[in-house]
Amino acid sequence: MSDERKSSPSPTLARRKKDELTAEERFFAASQWELMWRKFRKHKLALASGVVLIFLYAIAVTFEFWAPYGPISEQGLINMRPTRIHFRNEEGKFVGPFVYGIEQVVDMETFKRVPVEDKDVTYPIRFFVHAEPYKLWGLFETDRHFFGAGEGKVLLVGTDELGRDLFSRILAGSRISLSVGVVGVAISLVLGSFFGGIAGYYGSWADLIISRAIEFIGSIPNLPLWMLLASIIPLDWPVVRVYFMTTIIISLLTWVGLARVVRSLLLQLRTMDYVKAAQLAGASDMRLIIDHLLPGMLSYLIVQVTIAIPNTILAETALSFLGLGMRPPAVSWGVLLRAAQNVQNIVLRPWMLAPAIVVIVTIFVFNFVGDGLRDAADPYK
Amino acid sequence: MIPQPQVRHDQAPVTESDLLLQVRDLRTYFRLDEGMLKAVDGISFNVYRNRVLGMVGESGCGKSVTAQSILQIVPKPGVVQGEMLWHRDGQTVDIGGLDPESEEMRAIRGNEIAMIFQEPMTAFSPVHTVGNQLMEAYFVHGKLDEAEARARAVELLDLVGIPAADRRVDEYTFQLSGGMRQRAMIAMAMMNRPRMLIADEPTTALDVTIQAQILRLIRRLQAETGAAVLFISHNLGAVANLANDVAVMYRGKIVEFGTVRQVLKNPQHPYTVALLQSIPGFGYRRGDRLQSIRGSVGVPIDPPDECPFRGRCDRFDPALCGGSMPASVEVEPGHQVACVLYEARS
Amino acid sequence: MINYLIRRLGTTLITVLVLSYTIFAIVQIPPGDAVDRQVRLRQTQGDVVTREEIETLRAQYGLDRPILVRYYQWIRGFLVGDLGRSTSGRRVNDLIAERLPQTVALAVAGLIITYAIGIPVGIYSATHQYSAGDYIANSISFIGMSVPGFLIGIILLYLFYKWFGLSIGGFFSVEYKSAPWSWARLQDLINHLWVPLFVVAVGSTGGLIRTMRATLLDELSKQYVMTARAKGVPMRKLLLKYPVRLALNPIIASIGHIFPYLLSGQVVIAIVLNLPVLGPLLNTALTNEDIALSSSILLIQSLLAVFGTVVSDVLLAVLDPRIRFERGAH
Ligand SMILES: Nc1ncnc2c1ncn2[C@@H]1O[C@H](COP(=O)(O)OP(=O)(O)O)[C@@H](O)[C@H]1O
Ligand SMILES: [Mg+2]
C-alpha cells in the first residue's frame with residue numbers, strides 16, 4: 001500500500017548535502033561493492049559478528065569433529081551437571097586440563113544417588129583424540145574428535161535425562177537450526193524474486209493480483225499459521241523429509257517480505273534512465289533483468305536476506321519447541337529447548353537453558369551483521 | 001585571516017535612515033565528519049528599506065545558507081558567526097549575537113523578517129489546512145484574536161490572487177496547484193507585515209508563465225509595503241527585473257557586487273562573465289555562443305585560502321592567481337570585484 | 001470517506017472468506033477424521049465397531065458431505081455462535097470463552113505498553129540524535145528487537161525462581177486462582193502480569209522505538225519544519241505540531257502489524273509462562289488433531305489480526321487528509 005510512497009525519493013536537505021559530499025569527494029572511483037565493504041568494515045561490531053557467524057557455520061558443517069560425543073549416545077550419567085575442568089592437581093601443581101572420575105554416592109539424607117568427583121582417578125583432557133567413530137558427511141569414516149578425556153567424561157554443559165552430552169547435542173543441533181535459516185531463506189528468495197519480480201517488472205494486473213496476495217498473507221498472524229501447517233506433517237515421516245517440509249512451511253509465509261522488497265525495487269528501477277535506455281535499445285526481458293536490474297538490487301537483497309535468516313531460525317526453534325517442527329530423534333535447538341518447557345525442569349537442571357543462550361547469541365550476531373550491511377548498503381543512512 | 005571583500009553600497013538613491021540590515025563578515029560553517037564545510041565564508045552586505053537586493057550564483061554557492069543565517073534557522077550542525085545589525089525604529093539589534101532559540105530571535109522571525117521558500121510542494125505541512133498554517137504565523141507573535149487572524153488570512157490569500165480565498169483557507173495545501181501554493185506561502189510571509197522579505201528562489205520550481213506571475217506579485221507587494229527584499233535566484237532575468245542591486249556569490253563568498261546595471265551590463269569578475277554567458281539573452285557580447293561553465297561548484301570543505309574560482313576560471317594565470325583570496329576592489333563607484341585582475345591594477 | 005470505508009470493508013470481507021476457507025481446508029488435510037479417531041479409540045478399548053455404525057457416525061458429523069457444504073455449515077455455525085464440540089467432549093464455545101478475554105487483554109495491554117514507551121523514547125532519541133540517551137535507547141531497542149520473547153520468558157522464569165523463589169508463571173498464584181475478586185487478588189494479578197507483558201511487548205517496543213526515531217528524523221529534516229521555524233514557531237510547539245504529528249501517521253498505521261504480532265507472539269510465550277490464553281489451547285488442539293477447536297481458534301486469531309489492520313487503515317485515513325481525499329475521491 002505504501003511502497004510507492006516510501007520509495008519516492010525524498011532525500012532530505014541535510015542528508016542530500018552530505019551524500020553529495022561523500023559521493024563527490026571521498027569515494028569517487030570506488031565501485032559499489034568496495035563502497036559497501038569499506039562502510040561495513042567501519043562498523044566494528046558487525047564485522048566481529050560476521051566473524052562469529054562464519055565460525056558458527058563452520059562448526060555446524062563439521063560438528064562431528066568438534067563434539068566429544070555422538071549426539072544420541074548415552075553417557076551413563078543422567079541429568080549430570082556440567083563437568084568441572086581442573087588445571088591443578090591435589091597438591092596445587094599445574095598439570096594442564098583434566099577431569100576427575102565420577103562415582104555415584106547415595107546421599108544419606110535424601111537417599112538419592114548423587115554424582116561425586118572421585119579424586120583418585122584423573123583423566124587428562126587431550127586434543128585430536130580417538131573416540132566414537134563417525135562418518136563425516138556420509139563420506140569419511142574416522143574417530144578423531146577435537147578433544148576428549150579418554151575413559152573419563154568431559155560434559156561441558158551437562159547431560160539430559162537420558163544421559164546424552166548436551167554440549168555435543170547443541171553442536172549437532174546447530175546443523176539443522178542454522179541450515180534451516182539458509183535453506184528457508186533460499187526458498188523464500190526464489191518465491192519472493194519470482195512473484196515480486198513479476199509484479200514489479202510487468203506491473204498492471206499481475207502486480208495487482210500479486211500485491212493483493214502479498215497483503216493477504218502478510219495480514220495473517222504467522223505463528224498460528226505455521227503451527228497449523230506444521231501440525232499436518234505426518235508423525236511417521238523420516239527426519240530429512242520433516243526437515244524440508246518444516247523449512248518449506250516457514251518459507252511459505254516469509255517469502256512475502258522479500259517479494260515486497262523485490263517488487264518495490266523493480267518498480268523504482270524501471271523508471272531509471274539506464275534501464276529505459278536498455279529497453280529502447282531492444283534488450284530482451286531476461287537480458288534486462290540479469291544485466292541491469294539484478295546488479296541494482298543485489299545489495300538490498302543481501303541485506304534483506306541477512307535479516308530474514310534469523311527470523312527463519314527462530315521460526316524453526318519455536319515450532320520445534322512446540323513439538324510441531326523437528327522432533328526427536330532429530331536434534332535441533334528447538335528440540336533441545338523442549339526440556340526447558342517447565343520451571344521444575346529448569347530449576348533442577350538449569351544447564352538445559354544452554355540452547356536458549358546459543359539461540360540468542362546467534363540471533364544477535366545475525367542482527368548485528370544485518371544492521372551493518374543495511375548501513376553499508378544504504379547511501380542515505 | 002581571510003581578506004574580506006569590502007562591500008559598500010551604491011549610495012546614490014538610498015539614505016542611511018533606510019538602512020535596515022547590515023551584515024558584516026558572516027560565516028556559517030558546518031562541522032562534518034569530512035571536515036569543516038564553509039557554506040558562507042565571510043560575506044558582508046547591506047539591505048535597505050524599499051530596495052531589492054538580488055543574490056545570484058550557481059546552486060551550492062551558499063545562497064540559501066545565507067538566508068537561513070539571517071533568520072538563525074540553519075540546521076544542525078551549522079554554526080553562524082558574524083554581525084547582523086538589524087535597525088528598527090531607532091533601535092539596533094545584533095541578530096548574529098542572539099541565541100537562535102531565544103524569545104528575541106523568535107520575535108523577529110516571521111514577524112519582522114519573513115521568508116519564502118523554493119519548494120512550495122514540501123514547504124507546507126500536508127496535514128494542516130492552509131488557513132491553520134497562515135494563522136499560526138499570526139498567533140505565535142502574540143496576536144491571539146481568532147476571527148481577526150482568519151480575516152487576515154483570507155484577506156491576504158485574496159490579495160495574492162487566490163480565487164475563492166474564503167473557501168481555500170480551509171483546504172489542504174496538496175489540494176492547491178504549485179503556483180497557488182507559492183502564492184499561499186507569500187501570503188503566509190506577509191501575515192505580520194514584515195519589514196524585510198527573503199525570497200529564496202521562489203520561482204525555481206514553477207512553470208515559466210507562473211514564474212512571471214509570482215515575480216509580478218512580489219514586486220507589487222514590495223512596492224505596496226515598502227519592505228526590503230533579499231531576492232535569491234539563479235534566474236538572472238528575474239533578478240534584472242526585480243532587483244536594484246546584485247551580489248554574485250561563489251563558494252560562500254561574494255565575488256562581485258554592484259547595481260543591477262553595473263553587474264549585469266558590465267560584469268567584471270570572470271565568474272559573473274561566465275555566469276552571464278551561460279544564460280540566453282544575457283550574452284555579454286552579442287553573437288557569442290552560449291557556454292556552460294566547465295566543472296562544478298564543488299563543496300567547500302576546508303577550502304584553502306585562495307580564489308575559489310581559480311580552478312574553473314578562463315583567465316586563470318598561475319603567475320597572478322597563486323596567492324590568497326583577493327581583496328575586493330572598487331572598479332567604479334559602488335561596483336566591487338574580488339579578483340586579482342583588478343587587485344593587481346590598483 | 002464513507003466510500004473508502006465501504007470499499008475497505010469489502011476487501012476485508014473477501015480476505016476473511018479466503019482466510020477461513022484456507023484454514024478449514026488445511027485442517028482437513030491429515031489423513032483420517034474425527035470418526036476414524038473415535039473408532040480407533042474404541043477399538044483400542046476392545047469395542048467392535050461395525051461398518052454401519054461408522055457410516056451413521058460419519059453422517060452425524062456431516063463428514064459424508066462435500067467440503068464446500070461442510071465449510072458452509074462451519075461458517076454458519078461460527079456466525080450463530082456454535083463452534084461445535086472439542087474431542088474432549090466440551091463445547092468449543094466454552095473453551096474459547098474461558099480464554100478469549102485474557103488473550104485480547106494481553107495483546108491490547110502489550111499494544112498500549114508498546115506505544116506508551118515506544119513513542120516518547122523514539123521522540124527523545126530523534127530529537128537528541130547522537131546523544132548518550134539516544135545511544136542507550138538505540139542499543140536497548142536493538143536488543144529488545146533481537147532477543148526472541150519466549151526465550152527471554154524461559155530465562156526470566158528461571159532467574160525469578162532462583163533469585164526470589166518466585167514462580168511467575170500463570171496469571172495468579174495458586175491461592176488466588178479461583179478466589180473471588182479482591183484487592184489482594186488484583187495485586188496478585190498485577191504481580192504476575194508484568195513479566196508476560198514485558199516479554200510480549202519487548203520486541204514490538206524495540207521495533208517501535210526504532211521506527212519512531214527513523215521516521216521522526218526523516219520528518220525533522222523536511223522543508224516544512226524550516227518553514228515553521230522561519231515563521232517564529234517555538235521549537236517545542238513546532239516539534240509536536242508538525243514532525244511528531246506526521247511521524248505518528250505511519251506509527252498509528254502500524255497497529256495493523258503490531259497487534260497481530262502481539263497476538264501470535266503470545267502463543268509460545270504463553271506456553272512457556274503457562275498463561276491461560278488461546279495459544280496453549282491451540283497448541284494442544286493441533287497436536288491432538290482436535291479440528292473443531294483448532295480451526296475455531298485459528299479463525300478467531302486471524303479475525304482479530306484482520307480487525308487490527310482495518311482499525312489501523314481507518315485511523316490512518318482519519319489522521320491523514322491526503323489519504324482521506326485521495327481514496328475518498330473514487
Ligand atoms: N544542512 C546542511 N548540512 C550540511 N551542509 C549543508 C547544509 N545546507 C547546505 N549545506 C552546504 O552548504 C553549501 C551551500 O549550500 P546552499 O546554501 O544550499 O546553496 P545554494 O542555495 O546557493 O544552492 C553547499 O555546499 C551545501 O552542500
Ligand atoms: Mg538554495
Side-chain angles (χ1 to χ4, degrees), chain B residues 64 67-68 70-77 100-129 132-142 170-175 181 184-185 188-189 191-192 194 197-198 200 205, chain C residues 1 4 123-131 133-134 213 215-253 314-330:
Chain B
S64 297
Q68 292 161 10
I70 295 173
L71 284 177
Q72 293 271 26
I73 54 171
V74 180
K76 269 187 221 166
E101 299 308 322
S102 67
E103 209 35 49
E104 230 179 327
M105 187 64 237
R106 213 177 54 66
I108 294 175
R109 285 201 282 260
N111 192 22
E112 296 177 33
I113 308 177
M115 186 155 167
I116 305 167
F117 292 90
Q118 174 176 355
E119 296 278 342
M121 309 296 273
T122 51
F124 280 108
S125 153
V127 298
H128 296 91
T129 60
N132 179 316
Q133 294 178 67
L134 258 69
M135 282 148 70
E136 184 181 41
Y138 213 60
F139 294 143
V140 292
H141 293 293
D170 293 320
E171 289 190 356
Y172 293 93
T173 48
F174 59 83
Q175 294 170 286
R181 247 178 264 189
M185 180 132 60
M188 186 158 81
M191 278 300 279
N192 295 307
L197 188 64
I198 302 173
D200 187 2
Chain C
M1 186 74 196
Y4 170 67
I123 293 177
Y124 177 89
S125 242
T127 52
H128 296 75
Q129 196 186 5
Y130 303 134
S131 70
D134 176 35
R213 178 179 185 271
T215 29
L216 187 54
L217 278 176
D218 212 46
E219 292 296 332
L220 276 174
S221 55
K222 288 207 173 143
Q223 182 68 56
Y224 67 81
V225 174
M226 193 180 275
T227 314
R229 278 197 81 192
K231 262 195 289 189
V233 183
M235 207 51 195
R236 214 189 166 75
K237 176 161 187 248
L238 187 156
L239 200 66
L240 291 179
K241 178 170 174 187
Y242 296 101
V244 168
R245 165 81 170 72
L246 273 140
L248 278 183
N249 281 354
I251 301 287
I252 300 288
V314 171
L315 274 179
L316 194 59
V318 170
L319 284 176
D320 194 333
R322 280 168 300 183
I323 293 172
R324 198 159 67 225
F325 282 93
E326 181 188 314
R327 296 195 182 155
H330 299 289

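Here is how names work: the chains are called A, B, and so on, in the same order as the sequence lines, proteins then strands, and each is numbered from 1. FYI, side chains are in, hydrogens and waters are out, and symmetry mates aren't considered; it's all heavy atoms of this structure.
No more than 12 heavy-atom neighbours from other residues, nucleotides or ligands sit within 6.0 angstrom of CD on B:Glu104.
The closest side-chain heavy-atom distance from C:Lys231 to B:Met115 is not below 4.5 Å. The shortest distance between side-chain heavy atoms of B:Leu71 and C:Arg229 does not fall below 4.5 Å. For the pair C:Leu246 and B:Val127, the minimum side-chain heavy-atom distance is below 4.5 Å.
Options B:Pro194, B:Pro100, B:Gly110, B:Ala123 differ in how many heavy-atom pairs under 4.5 Å they form with chain C, and the most are formed by B:Ala123. Counting heavy-atom pairs closer than 4.5 Å to chain C, the top-ranked of the candidates B:Ala107, B:Ala114, B:Pro126 is B:Pro126.
Judged by distance alone, with hydrogens and angles left aside, the side-chain atoms of C:Thr227 form no donor-acceptor pair with the main-chain N or O of B:Phe124 at under 3.5 Å. The closest donor-acceptor contact from the side chain of B:Arg106 to the backbone of C:Gly232 lies under 3.5 Å.
Interface remark: C:Pro243 contributes no atoms to any contact with chain B (heavy atom separation under 4.5 Å).
Taking the charged nitrogens against the carboxylate oxygens, B:Glu119 and C:Lys222 have no contact shorter than 4.0 Å, which rules out a salt bridge. Checked for salt-bridge contact, B:Glu101 and C:Arg236 miss the test: no charged N lies under 4.0 Å from a carboxylate O.
Scored by the side-chain hydrogen bond (donor to acceptor under 3.5 Å, both in side chains) test, B:Glu112 finds B:Trp86, B:Arg88 as partners (sequence neighbours excluded).
Remark: the C:Lys241 side chain and the B:Asn132 side chain contain an N/O donor-acceptor pair separated by less than 3.5 Å.
Here C:Tyr242 contributes atom OH and B:Gln133 contributes atom CD; the two are 4.5 Å apart, rounded to the nearest 0.5 Å.
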